[in-house]
Each structure stands twice: as structure tokens, then as C-alpha cells.
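Below is one structure, written out as C-alpha cells; the observations come after it.
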Amino acid sequence: MSGPAKSLRLEKVARHFGEGETRLDVLAGVDFAIEAGEMVALVAPSGTGKSTLLHIAGLLERADAGEVYVNGEACSGLDDARRTEMRRQSIGFVYQFHHLLPEFSALENIMLPQMIGGLQAKEASERAKQLLDYMRIGKRASHRPAELSGGEQQRVAIARAVANNPYVLLADEPTGNLDPKTSHYVFDALTALVRQSGVAALIATHNHELAARMDRVVTLEAGHIAPYSFD
Ligand SMILES: Nc1ncnc2c1ncn2[C@@H]1O[C@H](COP(=O)(O)OP(=O)(O)OP(=O)(O)O)[C@@H](O)[C@H]1O
């Protein structure tokens with residue numbers, strides 16, 4: 001079965017930890033899809049399986065059962081090498097802490113994944129510059145992460161995540177480490193990029209205000225995706 005362009009789809013995805021009395025069914029048959037250009041917030045209490053879901057959707061871990069479709073391609077049957085390739089080409093990640101490489105400039109941090117993907121330095125540099133301008137930090141291109149503010153670091157991390165034009169963007173508390181004002185600024189930049197690139201974005205957050213600004217808000221309940229209620 002194939003999905004629409006630039007989409008993420010999970011079908012009956014299951015994952016458990018432990019056996020017998022200690023068995024924990026963290027994901028118990030998750031059916032869920034995100035379309036191109038759609039931003040979905042995942043708001044759920046600690047320990048309900050957000051990271052497990054993001055790791056499986058991002059092909060970092062395998063599910064026990066079910067299927068993950070990235071841009072319509074079924075990924076469960078792929079070998080590890082192909083999954084790594086898919087991950088590099090088709091999936092972008094943003095974490096709570098930026099994870100930028102400290103010894104490289106902002107520009108180089110965004111160039112690197114593109115060059116690993118086979119692009120020449122000139123093209124990678126042009127795309128990195130465009131993204132930095134788009135994120136309104138073009139003037140910080142030659143600065144290393146330690147010379148940037150938290151909000152600037154996170155904008156570089158977002159630019160890096162979309163540098164390879166991924167189909168899917170997965171973010172785990174992307175603004176969790178920022179003050180409210182910076183958080184809104186970074187979120188605005190993230191939203192603009194999602195809309196512009198048409199990536200399917202799943203963003204785990206505890207921030208209700210930001211969640212409410214996304215297209216849809218879902219939660220995890222007993223191992224299933226359910227609509228989230230703010231009450
Ligand atoms: N490798 C593992 N072995 C055993 N149990 C695990 C493992 N990974 C996760 N778990 C358990 O699965 C449950 C879900 O974990 P997960 O990290 O996905 O939750 P989370 O919603 O992301 O939590 P948080 O918001 O605190 O990061 C937790 O009860 C956790 O202890």
C-alpha cells in the first residue's frame with residue numbers, strides 16, 4: 001500500500017519491553033498518518049511512549065510488529081544499511097538540545113549532512129546559506145555553536161534537520177530548553193519551514209500553547225494514538 005507524497009504513516013505499530021509480569025506494551029497497534037505540510041503535536045505524559053514512537057517512526061528502532069511508511073515506502077522489511085540511508089535522506093530530527101558539532105560553524109553544521117548525502121561543498125554551502133537566511137541568522141553563518149544564543153543554536157539545528165529536504169521531520173521537545181519568547185520565535189521559524197518544504201512533521205511537546213498552534217494535537221493512551229483534549 002502506498003501513501004501520498006511526503007507523508008508518514010504508521011500501521012498497527014506495536015512495541016513492548018520486558019516479558020511476563022514485567023511486560024509493558026508501550027505501543028499496542030498504533031495507526032496514524034501525517035500528510036505533507038502537516039504539523040502534528042504529540043502531547044502525552046512522561047513514560048507513555050513518545051520517544052519510542054519517534055524512534056520507530058524515525059527508523060532508529062524497529063517495531064515488534066506493524067509497518068512504517070515513509071513517503072509511501074514500507075520500511076520494516078528493509079535491511080539496516082537501507083534504513084540508515086532512508087534515515088539520512090528522508091528524515092530530519094530536532095532534539096531538545098541542539099546536538100550541533102561544536103568544532104564546526106553554523107554553516108558547516110548544515111553543510112555536513114548534505115555532503116554525507118553526496119552533494120558537492122559549493123551546492124551544500126549555497127543551500128546552507130539560504131536556510132540560515134530563511135531562519136534570519138545569515139549573519140551568524142561563521143559562528144560556532146558556543147558563540148550562538150540558545151534560540152540561534154536551535155534555529156541552526158532546525159535548518160540542519162531540513163537541509164536534505166526530508167519527507168518527515170521528527171522533533172522531541174524542540175523548544176523545551178528555551179525561554180517562552182525565544183520558544184515562540186523558534187517555533188515560528190519551524191512552522192514556516194514545514195509549510196514551505198511540505199515535510200510531514202511530528203513534534204512532541206509539553207508546551208500547550210505551541211501545541212494548540214499546530215494542525216492537530218494527539219496523545220498516547222494505552223499504547224494508541226488518540227485526539228488530545230486540553231481540559
Ligand atoms: N529499552 C527499554 N527497556 C525497557 N523499558 C523501556 C525501554 N525504553 C523505554 N522503556 C519504557 O517504556 C516506556 C515508554 O518510554 P518512552 O521513553 O518512550 O516514554 P516517553 O513518553 O518518551 O517519556 P519522557 O517524556 O519521560 O521522555 C517507559 O515506561 C520506559 O521505562
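Note that ligands are numbered from 1 as they come in the structure, with each ligand's atoms numbered from 1 the same way. Each residue takes its place number in the sequence, starting with 1. Everything quoted here is computed from the prediction, not taken from an experiment.
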Of Gly47, Gly223, Pro45, Gly18, the residue with the heavy atom nearest atom 14 (C) of ligand 1 is Gly47
Q) Would you say atom 27 (O) of ligand 1 touches the protein, meaning some protein heavy atom is under 4.0 Å from it? A) yes
For this session: Mind running side-chain hydrogen bond (donor to acceptor under 3.5 Å, both in side chains) on Arg127 and Asn165 for me, showing each step along the way?
Result: CA-CA 10 Å; Arg127 166 110 176 119; Asn165 284 313; 3.2 Å; yes
Notebook entry, point to check: Are Tyr95 and Ile56 connected, step by step, through hydrophobic side chains (Ile, Leu, Val, Met, Phe, Trp, Tyr) whose heavy atoms are closer than 4.5 Å?
Noted result: yes
Got a protein heavy atom sitting under 4.0 Å from atom 2 (C) of ligand 1? yes
Out of His16, Lys50, Glu61, the nearest non-hydrogen contact to atom 25 (O) of ligand 1 is supplied by Lys50
One finds that the ligand 1 atoms under 4.0 Å from a non-hydrogen atom of Ser51 are 17 (O), 18 (O), 20 (P), 22 (O), 27 (O)
Logged contact type for Leu24 with ligand 1, heavy-atom cut-off 4.0 Å, is side chain
heavy-atom search around atom 8 (N) of ligand 1 in the protein gives Phe17 CZ, 3.4 Å
Quick check on the 6.0 Å ring-centre criterion: do Tyr185 and Phe187 meet it? no
* Could you tell me whether Arg213 and Asp188 make a salt bridge, using a distance below 4.0 angstrom between a side-chain N and a carboxylate O? => yes
Before signing off on this row, confirm whether Gly49 and ligand 1 have an N or O atom pair separated by under 3.5 Å. yes
Side chain proximity check, Tyr69 to Leu8, heavy atoms < 4.5 angstrom = no
Note: Val26, heavy atoms under 4.0 Å from ligand 1, region reported as side chain
Atom 16 (P) of ligand 1: closest protein heavy atom, distance to 0.1 Å, is Thr52 OG1, 3.7 Å
The single option from His208, Glu221, Arg216 that satisfies side chain to side chain donor-acceptor pair (under 3.5 Å) with Tyr228 is His208
#### Entry: Test of proximity, Thr48 against ligand 1: N or O pairs below 3.5 Å
yes
A student checking ligand 1 against Ser46 at a 4.0 Å heavy-atom cut-off should list atoms 23 (O), 24 (P), 25 (O), 26 (O)
Check: Would you call Ser7 and Ile34 a side-chain contact if the rule is heavy atoms closer than 4.5 Å?
Finding: no
Checklist line | His143 and Phe104 aromatic centres sub-6.0 Å | finding: no
